[in-house]
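Please read the structure below before turning to the comments.
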Amino acid sequence: MHYFVYRGEELFVEEVSVKALAAEVGVPAYVYSARTLRRHLKVFEQALAGTDHLICFAAKALSNLSVLKLLAAMGSGFDIVSQGELMRCLRAGADARKIVFSGVGKSAEEIAAALKAGILMFNVESRPELYQIAAIARRLKTRAPISLRVNPDLDPGTHPHISTGHRTSKFGVPLKQLAEYYDEAQALKELEVVGLSTHIGSQITEPEPFREAGEKLAGAMRDLLAKGIELRYLDLGGGVGVPYQDESIELEDYASAILKPLRALKVKLIAEPGRVIAGNAGVLLTRVLYIKETDVKRFIVIDGAMNDLIRPALYDAYHAIWPVDKREHAELAVADVVGPVCESGDFFARDRLLPLPRPGDLLAVMGAGAYGFVMASNYNSRPRPPEVLVDGQRWHVVRERETFDDLIRGEKLVELGPEREP
Ligand SMILES: *Cc1c(COP(=O)(O)O)cnc(C)c1O
């Protein structure tokens, strides 16, 4: 559910004409709908209503300051994976006591920064990380709240790059060794052992992997309790998929699958949704440059590229592509939609049936709110696009388009002189 809708032939974001917006800010540009973001957070809250819980939006999915601020103002906490995200969240007004820190490679500097900020907990992924956090807490004369991230060893049935809950993945502590890890953690007096966490993968569109994760977590909690280890938090991670095409999972089905096995436990649940909050709340707006016909193919060449949105190249991801102006008699045709970057991986769609646009027409690449701008790069020395946040009739440029000066910031022109014999 989102608020990118046609009025007659013309695409609107909430109350704002996309064409008028493009005329003002130019393209390519990311456009987000505040109403959609709010709605998704609210619906997720409702799915968990009745259980003691905290939602920690996964900042890596969409980390623009204004978006974080909007979610923080609605009471959301945050799941972070770097010091940069910690700083973004704090700058956006997040409550540090609602921040959880995930990731397999937290550096000493990042751990110290999070400890000083007073975050809710670290989701620890390995034994050396436990000792590292304890040592830093000792140096800072404080105690570190931690949970252990368990790898439940299951297959969430999603793309291998975004599947994290199988025992061969780099994430988490093996289920079998969990008890040993808790014993070790409890022996370190600088650690306050408060929780158990997991995250099994992303873009999961079936309830089954969540049910399986819930059962394994419930089993692990019961085993720990039997050993006298009582935990306050159970962090379920994120992973709920969004309908990019026609795949979909209802939030009620997700919630009932994962919650059912956990009902009897006396813990506060934490959920870390990213994609399901932000995915369909944003589009990448682009313009058609050329229609190129060869003897075997038709290419729609647009001014957006893989540096702006890398998901198709990286995960073979499907994104719907909508015309901003839906002319009545546009001919349907099969084409590849590609960008200007010098890589054959620079595509948005392959052999897609769509209304054939003309050069100069605007296209909206749908479902680009999550893992869109945050993964953008300057490859091919292309400035990153602006981000625009629409709210009702109003819109705000919440990140400016980069300039040539931005592209070369920090670079030096050094004088090396002519080549000399050694
Ligand atoms: C990426 C990530 C999330 C968010 O995943 P989504 O699929 O976007 O919901 C949550 N928790 C952790 C630990 C992550 O790495």
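Every value quoted in this text rests on a predicted model; they were computed, and no experiment measured them.
Side-chain contact between F210 and I249 is present, with heavy atoms from C-beta onward closer than 4.5 Å. Counting heavy atoms from C-beta on, the side chains of S66 and H396 never come closer than 4.5 Å. In this structure, the side chains of V124 and R149 stay at 4.5 Å or more apart for every pair of heavy atoms. Between D346 and V338, every side-chain heavy-atom pair lies at or beyond the 4.5 Å cut-off. Contact check for T403 versus L407: no side-chain heavy atoms found under the 4.5 Å cut-off. Taking 4.5 Å as the limit, some side-chain heavy atom of R382 sits within range of a side-chain heavy atom of P340. In this structure the side chain of R399 never reaches within 4.5 angstrom of the side chain of P386, judged on heavy atoms. The side-chain heavy atoms of L65 and V398, taken from C-beta on, include no pair separated by under 4.5 Å.
Side chains of E247 and Y318: a donor-acceptor N/O pair is absent below 3.5 angstrom, by distance only. When only modelled atom types and interatomic distance are considered, E85 and S63 share no side-chain donor-acceptor pair under 3.5 Å. Under the 3.5 Å distance criterion, with hydrogens and angles disregarded, no donor-acceptor pair is assigned to the side chains of S377 and N307. No donor-acceptor contact under 3.5 angstrom links the side chains of D235 and S197, judged on distance only.
With salt bridges taken as basic N to acidic carboxylate O contacts below 4.0 Å, one links E180 and R127. In summary, R409 and D406 engage in a salt bridge, as defined by a charged side-chain N under 4.0 Å from a carboxylate O. No salt bridge links D253 with R211; every basic N to acidic carboxylate O contact stays at or beyond 4.0 Å. A salt bridge does not link K326 with E10: every distance from a Lys NZ or Arg NE/NH1/NH2 to an Asp or Glu carboxylate oxygen is 4.0 Å or more. Between R35 and E15, at least one side-chain N (NZ, or NE/NH1/NH2) sits under 4.0 Å from a carboxylate O, which counts as a salt bridge.
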Just do the salt bridge (charged side-chain N to carboxylate O under 4.0 Å, His left out) check on D361 and K19 with the steps written out, would you? CA-CA 10 Å; D361 284 359; K19 209 194 278 179; over 6 Å; no
For side chain to side chain contact (heavy atoms under 4.5 Å, CB included), just list the numbers for N64 and F373, CA-CA rounded to whole Å, side-chain angles, deciding distance to a tenth of an Å, and then say yes or no. CA-CA 9 Å; N64 182 280; F373 181 86; over 6 Å; no
For the pair S147 and L196, evaluate side chain to side chain contact (heavy atoms under 4.5 Å, CB included) and give the outcome as yes or no after the intermediate values. CA-CA 5 Å; S147 87; L196 171 66; 5.6 Å; no
Set out, in order, the CA-CA distance, both residues' side-chain angles and the distance that settles side chain to side chain contact (heavy atoms under 4.5 Å, CB included) for V18 and V31, then state yes or no. CA-CA 9 Å; V18 172; V31 183; over 6 Å; no
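Across all their heavy atoms, A61 and V374 have their closest contact at O-CG2, 3.5 Å. Minimum heavy-atom separation, N123 to E129: O-OE2, 4.1 Å. Taking all atoms of both residues into account, the shortest heavy-atom contact from V104 to E125 is CG1-OE1, 2.9 Å. Residues I291 and P359 share a closest heavy-atom pair of CG1-CD, 4.1 Å. Closest non-hydrogen pair, N378 versus P383, comes out as ND2-CA, 4.0 Å. The two residues I258 and P261 have their closest heavy-atom pair at O-CD, 3.4 Å.
In this structure, CG in L37 is found 8.0 Å from CD1 in I277, a value given to the nearest 0.5 Å. A distance of 8.0 Å separates CD1 in I136 from CZ in F122, rounded to the nearest 0.5 Å. With values rounded to the nearest 0.5 angstrom, K170 atom NZ is found 12.0 Å from S126 atom OG. Expressed to the nearest 0.5 Å, how far CD1 of I119 lies from CG of L86 amounts to 7.5 Å. Rounding to the nearest 0.5 Å gives a distance of 10.5 Å between CG of L120 and NZ of K98. The distance from the CG atom of L70 to the OG atom of S76 is 10.0 Å, given to the nearest 0.5 Å.
More than 12 heavy atoms of other shown residues, nucleotides or ligands fall within 6.0 angstrom of atom CD in Q245. Around the OH atom of Y6, the shell of radius 6.0 Å holds more than 12 heavy atoms that belong to other residues, nucleotides or ligands. In the displayed structure, E192 atom CD is contacted under 6.0 Å by more than 12 heavy atoms of other residues, nucleotides or ligands. Within a 6.0 Å sphere centred on NZ of K69, other residues, nucleotides and ligands contribute 12 heavy atoms or fewer. Other residues, nucleotides and ligands place no more than 12 heavy atoms under 6.0 Å from the CD atom of E400. Dense packing is recorded around CE of M74, with more than 12 heavy atoms of other residues, nucleotides or ligands lying under 6.0 Å away.
Legend: residues meeting side chain to side chain donor-acceptor pair (under 3.5 Å) with D405, ordered by chain and number and at least two apart, are absent. Listed by chain and number, the residues in a side chain to side chain donor-acceptor pair (under 3.5 Å) with N151 amount to none (sequence neighbours excluded). Remark: Y315 engages H159 in a ring pair (Phe, Tyr, Trp, His ring centres under 6.0 Å) (not counting sequence neighbours).
Listed by first and then second residue, the ring pair (Phe, Tyr, Trp, His ring centres under 6.0 Å) pairs involving residues 41-97 are F44-Y254 (not counting sequence neighbours). Screening residues 282-295 for salt bridge (charged side-chain N to carboxylate O under 4.0 Å, His left out) gives E293-R298 as the qualifying pairs, with residues at least two apart or on separate chains.
The cationic atom of K60 (NZ for Lys, CZ for Arg) does not lie both less than 6.0 Å from the six-membered ring centre of Y371 and within 45° of the ring axis. Figure legend: cation-pi geometry between R384 and Y30 absent, as NZ or CZ is not positioned both under 6.0 Å from the six-membered ring centre and within 45° of its axis.
Here the side chain of E272 pairs no donor or acceptor atom with the backbone of I270 at under 3.5 angstrom.
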Ignoring hydrogens and angles, write down the donor-acceptor pairs under 3.5 Å from the side chains of residues 347-358, residues two or more places apart or on other chains.
from, atom 1, to, atom 2, distance (Å)
R350, NH2, S344, O, 3.4
D351, OD1, K297, NZ, 2.7
R352, NH1, H319, O, 2.9
R352, NH2, H319, O, 3.2

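The aromatic ring centres of W322 and F4 sit 6.0 Å or more apart.
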